[in-house]
Amino acid sequence: MPLAGKRILLVMSGGIAAYKSLDLIRRLRERGAEVRPVMTAGAQQFVTPLAVGALSSGHVYTELFSREDEQDVGHIRLARDCDLIVVAPATADLMAKMANGLADDLASTVLLATDRPVLVAPAMNPKMWAHAATGRNVETLRKDGIAFVGPNAGEMAESGEAGFGRMAEPMEIVAAVERLLDDGTKPLAGRTALVTSGPTHEPIDPVRYIANRSSGRQGHAIAEALARLGADVTLVSGPVTIPDPKGVKVVHVEQAAEMLDAVLARLPADIAVMVAAVADWRVATPNSEKIKKQPGEGPPPLMLTENPDILKTVGHSDKRPTVVVGFAAETQDVESNGRIKLQKKGADLIIANDVSPETGIMGGTRNSVKLITSDGIEAWPDLSKDDVADRLAGWIAHRLT
Ligand code: C5P
């Protein structure tokens, strides 16, 4: 997750654009950031502290002279105890206060007391934005080193007037936050990761095999996401039709036994994410020649034997990685089966997903997962497999640090 471990103080002032800040909170948290909201009295006229608190899942700071707030962190610590302050929406009034060093409420006091970088997303009527006074304030703030995102041109929600003044969209603000916080350090730099992906093919004879519908999309995306966070990643992939992920060493295998050997040969590692849909059984003695149809005879019996459990082997190995993650593709009792699997496989995290055919998850591009750890269960919304991968890489980075 690009903002894993980052702490953002979000100052909201009074404008109709405050509703967009609700989405902004969600987007920032999705990327791993912790968001601490401060609301002016004006902001509370547009959205409630209750809604803001529910989305940020923490305390919402509103009062300068509140004993409770001061005991909690205190306004000076609030101003400093973050990586970045984002002011969204920033009204003309709050910007004027900032430019002139006024501090008559919690938001303006925090902005005066901070020594952290500040990003401002203005939101106001186009005439107010175009006013010479606002122009002077913006210039002063820029000279003070304050960064801006937006405003955009568009029609105003309340007056129908057009021009610049519309607050930047949440994703534009997120992109600006990421640019400002990108210090070039990657949270998984120096870590090694091992990922399995795809199905396995278990031969019946030289031309036939037992397989499953796994596409390898989720595992490959995870390998790439871990590499993006700086990990040195080896992907052990079963037979798939998708390309090798970027920035990753790939070992191609066919059968579960080969996959196990490839994985064990690469231990120790810091991280193991076993995503492959390994066949539970293989044919005990595959025929060395193609099995022929015999006239008058029924189909040949297939004697199956159990395959090694790669995740379980890794989870109980004396070279066990610090973080071991497994998947649980289930069609029923997703949560309880996931919990059992966590124990049995010696994993730190099981990602459970319902692969009933109607979900379209197996072989598809989206995924809807539940994270099962010894601490409990966390359900993620329906996401693309790439987004699941990014979030999981962030989760792992957080766990390791
Ligand atoms: O037991 P089940 O197959 O449902 O467990 C799923 C998890 O275990 C996945 O993470 C899968 O990659 C892993 N697994 C494995 N080797 C097997 C079977 C499953 O690594 N033989």
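Side chains are part of it too, since the values below use all heavy atoms of this structure and drop only hydrogens, waters and symmetry mates. As the structure lists them, so they are numbered: ligands from 1, and atoms in each ligand from 1.
Distance check: N367 CG to D382 CG gives 8.5 Å after rounding to the nearest 0.5 Å.
For the pair N307 and ligand 1, no heavy-atom separation below 4.0 Å is found. Remark: distances from the non-hydrogen atoms of K344 to ligand 1 are all 4.0 Å or more.
Residues forming a side-chain contact (heavy atoms from CB on, under 4.5 Å) with D115 (at least two apart in sequence, or on another chain): R80.
Of all protein heavy atoms, the one lying nearest to atom 4 (O) of ligand 1 is K341 NZ, 2.5 Å. When only non-hydrogen protein atoms are considered, atom 17 (C) of ligand 1 lies nearest to V278 CB, 3.5 Å. The protein heavy atom nearest to atom 5 (O) of ligand 1 is K345 NZ, 3.0 Å. Looking at atom 3 (O) of ligand 1, its nearest protein heavy atom turns out to be D280 OD1, 4.0 Å. Among protein heavy atoms, atom 14 (N) of ligand 1 sits closest to D309 OD1, 3.8 Å. Nearest non-hydrogen protein atom to atom 16 (N) of ligand 1 is I310 N, 2.9 Å.
Listed here is the closest heavy atom pair of H220 and D244: CD2-CA, 4.5 Å.
Where the criterion is an N or O separation shorter than 3.5 Å, residue side chain and backbone included, A328 fails it with respect to ligand 1. At a 3.5 angstrom cut-off on N or O pairs, M274 counts as close to ligand 1. Below 3.5 Å of separation, one finds an N or O of A276 facing an N or O of ligand 1. Backbone and side-chain nitrogen or oxygen atoms of T196 are examined, and none is located within less than 3.5 angstrom of a nitrogen or oxygen of ligand 1. Inclusion of L311 in the set of residues having an N or O under 3.5 Å from an N or O of ligand 1 is warranted. Taking only nitrogen or oxygen atoms, main chain and side chain alike, F327 reaches within less than 3.5 Å of ligand 1.
Residue G326 has at least one heavy-atom neighbour below 4.0 Å for each of these atoms of ligand 1: 10 (O). The P308 neighbourhood of ligand 1 comprises atoms 16 (N), 17 (C), 21 (N), with distances under 4.0 Å to a heavy atom of that residue. Interface atoms of ligand 1 facing V275, defined by a heavy-atom separation under 4.0 Å, are 12 (O).
Note on K6 versus E34: no salt bridge recorded, every NZ/NE/NH1/NH2 to OD/OE distance being 4.0 Å or above. E289 and K292 are not joined by a salt bridge, as no carboxylate oxygen comes within less than 4.0 angstrom of a charged side-chain nitrogen. Classification of D23 and R26 as a salt-bridged pair holds, one side-chain N sitting under 4.0 Å from a carboxylate O. Ion pair D390/R228 flagged as a salt bridge, since at least one NZ, NE, NH1 or NH2 atom sits closer than 4.0 Å to an Asp/Glu carboxylate oxygen.
No donor-acceptor pair under 3.5 Å is formed between the side chain of D205 and the backbone N or O of P286. The main-chain N or O of E178 is never found under 3.5 Å from a side-chain atom of D182 such that the two would form a donor-acceptor pair.
Neither the backbone nor the side chain of K312 has a heavy atom within less than 4.0 Å of ligand 1.
Listed by first and then second residue, the side-chain hydrogen bond (donor to acceptor under 3.5 Å, both in side chains) pairs involving residues 259-288 are T192-D270, R282-N307 (not counting sequence neighbours).
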Dump the intermediate steps for side-chain contact (heavy atoms from CB on, under 4.5 Å) on M95 and L141, then the final yes or no.
CA-CA 8 Å; M95 284 165 46; L141 292 171; 4.0 Å; yes
